[in-house]
Enquirer: 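First the structure, which I've put down as structure tokens, then a few questions once you've had a look.
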Amino acid sequence: MLIYQRLYDSFGPRGWWPGDTPFEVIVGAILTQNTSWENVEKAITRLKRDSLLHPERLYCIEEPVLAETIRPSGYYNIKARRLKKFMDFLFGEYEGNLSLMFSEDMETLRDKMLGINGIGPETADSILLYAGCKPVFVVDAYTRRVFSRHNLFISANIGYHEIQDLFMKNLPKDVELYNEYHALIVHLGKNFCKKRPNCTICPISSPEFFLESPL
Ligand code: SF4
């Protein structure tokens, strides 16, 4: 919480996740894999232009047409297939109804989403937290990088769920907190804790934010 508070005081609220509707958040979470958010925004603009940011429309559209529309997102053929798989899941399991989907028990829904080809833990948890407002902490490469550099219980080979457990067992179970904390870590990673860290101007560079040695 000390790190959270310092980051929040330094960066302010991040206003995540960018998206007008839960459905747009889900589409963005799938499109953002292995690309910058700028490219996702271009793809989403094209989806909006073609009135495709709607479950029925995306469910019905042909995969090659969808691929062409989302071309700016990179890996567009793979991402079109992933979006279509997610739509098959949404309609097959929940009649295309997001409210029905998010009324499912969180762990059950998470397990089911992880069964969709191309939906990994980070994407599934981003959908649960940012589209479904479920209390699950999202872990990404920046989380691993920052907290391992600070010797805070995260080593290079620790798994996704172990890192997630670390946060969820030591933070209040609070959707707003999880939402903001992940967004702050991403901002920190993009702007300060890069491959070559810029500690001199980083808001969490003082010794109180580091453990002395790895566990
Ligand atoms: S830039 Fe330095 S002080 Fe900031 S999070 Fe990374 S390792 Fe820590």
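In each ligand, atom 1 is the first atom listed, and ligand 1 is the first ligand listed.
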Enquirer: Any idea how H150 and F210 line up, ring-wise: parallel (<30°), tilted (30 to 60°), or perpendicular (>60°)?
Expert: parallel
Enquirer: Is the H182 ring parallel, tilted or perpendicular to the F137 ring (thresholds 30°, 60°)?
Expert: perpendicular
Enquirer: For residues L83 and L114: do they belong to one hydrophobic cluster (side chain heavy atoms under 4.5 Å, members Ile, Leu, Val, Met, Phe, Trp, Tyr)?
Expert: no
Enquirer: If we count only N and O atoms by modelled type, under 3.5 Å, do the side chains of E104 and Y94 hold a donor and an acceptor together?
Expert: yes
Enquirer: Do NZ/NE/NH1/NH2 and the carboxylate oxygens of D125 and K134 come within less than 4.0 Å?
Expert: no
Enquirer: Transitively linked via ILVMFWY side-chain contacts under 4.5 Å: L188 with L171?
Expert: yes
Enquirer: Going by chain and residue number, what protein N/O/S atoms come nearer than 2.8 Å to atom 8 (Fe) of ligand 1?
Expert: H150 NE2
